[in-house]
Amino acid sequence: MAEQKLRLHDTLSGDLRPLALERPGEVRVYCCGPTTYDDAHVGHARAALAPDVLVRYLRWRGLHVTYVRNITDVDDKILARAKQSGEEPTTLSARMAERYQADIGALGCSAPDVEPKVSEHIADIVALVERLVANGAGYVVDLGGGVRDVYFAVRAFPGYGKLSKRKLEDLRVGARIEANDKKRDPLDFALWKGCAETEWGWPSPWGKGRPGWHIECSAMSARYLGHGFEVHAGGMDLVFPHHENEIAQCEAAHPGEGDFVRTWIHNGFVNVDKEKMAKSLGNFVTIRDVYQRYDPEALRYFLLTVHYRGPIAFETDKREDGRVVFEGVAEAERRIDYLYAVLERLGELAATASEPGAKAKELDAYAKVFAGASERLAAALEDDLNTPAALAVVAELAKTGNELCDVAQKRKKDARLVAAAGALARTGKAALRGALDVLGLCHSDASAYTVRSQARRLAALGVAAADIDRKVDERLAARGAKDFTRADALRAELGALGIEVADSPTGSTWRVGVV
RNA sequence: GGUGAGGUAGCCAAGCGGUUAGGCAAUGGUUUGCAAAACCAUCAUACGCGGGUUCGAAUCCCGUCCUCACCUCCA
């Protein structure tokens with residue numbers, strides 16, 4: 001069995017352990033995707049991001065990854081929401097699925113290789129339920145009128161509770177025992193939920209119905225990844241009961257075939273005022289809400305500043321003028337601005353390089369930083385996907401890159417040094433670019449990013465670019481006439497609007513700061 | 001009650017037995033007509049509290065306080 005340098009914190013064993021592959025060079029990853037009845041919030045973004053970083057790292061290391069992230073488009077919540085809006089459940093879930101894909105795609109998460117939908121895998125689900133019934137792990141309950149439910153018998157699976165470290169007795173205490181309970185044991189959960197002929201459902205050996213909540217992931221992961229795949233990801237709230245039940249279903253269906261999954265990774269929550277962001281608490285901020293105010297790249301950077309297993313605080317602040325500020329994301333966007341600026345600066349310096357092999361001893365320190373970055377980045381990510389440490393590597397590269405540019409500028413009359421700096425800038429840019437790629441950051445063209453972010457910020461401020469241009473021109477004229485009092489007054493005026501003006505030998509430029 | 005996560009300098013956040021990651025803010029510099037950006041320096045002998053183990057602990061052990069989460073739908 002091939003062992004990787006990458007170590008992940010596995011929920012089942014509770015340990016940090018090296019990633020073990022069944023087949024050399026191949027990694028299978030499954031991530032529990034959304035139930036598509038509403039727009040995704042920042043918590044969903046985080047849950048999609050953790051496996052994305054994993055997949056990017058693995059591919060960077062040359063491994064072949066099969067990444068599956070499902071869409072649960074059949075669910076009672078979808079049905080309930082559709083009834084409210086008068087929409088067909090399938091139409092609603094399809095629409096929400098598209099919005100999810102757009103939101104997560106904009107976050108810079110690469111699309112999964114397979115994105116299976118429950119509605120397209122009913123046959124797989126039915127077959128799995130049949131198998132469980134045949135194994136004695138599932139049982140059918142006749143509700144009369146041709147309606148039947150199928151339940152999983154928790155007692156039939158001895159390992160039940162091993163993932164969430166729960167004992168059956170402990171669970172029993174909190175279990176809600178309904179009157180008229182159809183289940184043999186209160187802890188048993190539905191594999192198939194029968195429904196009336198007129199309701200939303202699919203035909204099955206037990207009559208019309210819909211799959212239970214957990215069975216879809218068991219069926220679809222088995223379909224695309226088989227039994228015993230490498231990594232299964234999801235939010236910490238899925239540990240129990242969702243993933244516990246997935247294990248029960250898959251291992252009961254494949255007795256003697258070993259563990260369903262080799263490594264379980266679970267991401268921590270996004271908190272608002274120290275509480276978990278959740279639909280039920282009503283304290284959620286949708287990804288779209290964030291994108292309205294900030295660049296998707298900023299949200300990604302923000303989420304990467306904290307290790308995926310820990311909690312991350314999402315602070316919302318409403319300003320006097322009514323603008324909503326997400327401070328952490330705003331700070332992240334300033335970093336994204338900075339990183340794009342460094343990439344551009346290095347690019348400009350590299351473009352002056354006429355001698356690709358030029359070297360200067362006084363630049364050795366910079367060269368060393370660039371050369372070692374990739375190794376440091378790998379070490380950070382190999383330590384249970386330590387993205388904050390990875391971002392420190394990015395920061396080091398960016399700072400060094402800027403320093404190199406500063407040196408080249410200060411000593412621009414030294415042709416030998418400038419030639420060497422130009423050549424080294426190419427290396428530096430490649431190193432930074434490479435690190436950013438692994439983290440999925442700054443994937444836009446720098447000028448495209450600038451255009452879109454400036455436009456969004458201007459819109460947020462309610463200021464027209466033409467008005468700014470006019471004032472900047474006016475100020476330039478004042479400066480030309482050495483009327484600095486007037487020029488400074490204009491700068492202050494622009495500053496009050498949130499516009500930063502920068503003077504250079506070739507004229508004046510302006511930008512809108514992150515607000 | 002059971003189970004799990006966490007409490008690190010003004011703020012955010014790595015580190016998890018042995019030369020104080022990184023970022024933000026602030027202050028002082030280099031630069032600038034003045035600024036901005038960029039870079040440098042300071043802030044930083046910080047690790048909830050009390051014991052213990054060790055040559056050495058933020059890191060290990062015991063106790064204790066606080067926060068959050070899961071046990072019901074939840075990323």
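Here is the naming used below: chain letters follow the sequence lines, and residue numbers restart at 1 for every chain.
Using a 4.0 Å heavy-atom criterion, one finds that A:Asp76 contacts no nucleic acid atom at all. If you check every strand for non-hydrogen atoms under 4.0 Å, A:Asp75 touches nothing. In this structure, A:Gly310 reaches neither bases nor backbone, as no heavy-atom distance under 4.0 Å exists between it and the strands shown. At a threshold of 4.0 angstrom between heavy atoms, the contacts of A:Asn267 include nucleobase atoms, whether or not backbone atoms are also involved. Within 4.0 Å of A:Val407, counting heavy atoms only, lies no atom of the nucleic acid at all. Within the nucleic acid shown, A:Ala389 comes within 4.0 Å of at least one base atom, counting heavy atoms only. No contact: A:Lys482 has no heavy atom under 4.0 Å from any strand. Within the 4.0 angstrom heavy-atom criterion, only backbone atoms of the sugar-phosphate kind lie near A:Gly235; the bases stay farther away.
A:Tyr30 and A:Phe229 have tilted rings, their planes meeting at an angle from 30° to 60° on a 0 to 90° scale. Below 30°, between 30° and 60°, or above 60°: for A:Phe326 and A:Phe314 the angle between ring planes is between 30° and 60°, a tilted geometry. Note: A:Trp264 and A:His243 have tilted aromatic rings, judged against thresholds of 30 and 60 degrees for the angle between ring planes. Aromatic ring pairs are classed by plane angle as parallel below 30°, tilted from 30° to 60° and perpendicular above 60°; the pair A:His44 and A:His41 is tilted.
Checked by distance alone, A:Asp488 brings a side-chain donor or acceptor within 3.5 Å of a matching partner on the base of B:G33. Judged by distance alone with a 3.5 Å cut-off, no donor-acceptor contact links the side chain of A:Arg46 to the base of B:A75.
Between B:U20 and B:G15, the distance separating the two C1' atoms is 10 Å to the nearest Å. Of the C1' atoms belonging to B:A57 and B:G52, the separation is 12 Å, rounded to the nearest Å. Nucleotides B:A44 and B:C24 have their C1' atoms positioned 15 Å apart, rounded to a whole Å. For B:G7 and B:G29, the P atoms lie 38 Å apart once the distance is rounded to whole Å. If you take atom P in B:C60 and the same atom in B:G6, they sit 11 Å apart, rounded to whole Å. Comparing B:A5 with B:A46, their P atoms sit 28 Å apart, to the nearest whole Å. Taking atom C1' on both nucleotides, B:U3 is separated from B:U8 by 26 Å, rounded to a whole Å. Taking atom P in both B:C68 and B:C73, the straight-line distance is 23 Å, to the nearest Å.
Of the residues near RNA chain B, A:Thr305 and A:Ala487, the one whose nearest nucleotide (by heavy atom distance) lies more toward the 5' end is A:Thr305.
Across A:Val329, A:Asp103, A:Ile336, a single residue satisfies side chain to side chain contact (heavy atoms under 4.5 Å, CB included) together with A:Leu299, and that is A:Val329.
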- [ ] Take A:Val394 and A:Leu439 through the side chain to side chain contact (heavy atoms under 4.5 Å, CB included) test and state the conclusion after the steps.
- [x] CA-CA 10 Å; A:Val394 168; A:Leu439 295 170; 3.8 Å; yes

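Between A:Phe269 and B:A69, no base-stacking contact is recorded for ring centres under 5.5 Å apart and planes less than 30° from parallel.
Under the Watson-Crick or G-U wobble criterion, with both distances below 3.5 Å, B:G10 is paired with B:C24. Taking a pair to require two hydrogen-bonding distances under 3.5 Å in either a Watson-Crick or a G-U wobble arrangement, B:U45 remains unpaired. B:G1 is paired with B:C71 under the Watson-Crick or G-U wobble criterion, all donor-acceptor distances under 3.5 Å. Both distances falling under 3.5 Å, in either a Watson-Crick or a G-U wobble arrangement, occur for no nucleotide opposite B:G56.
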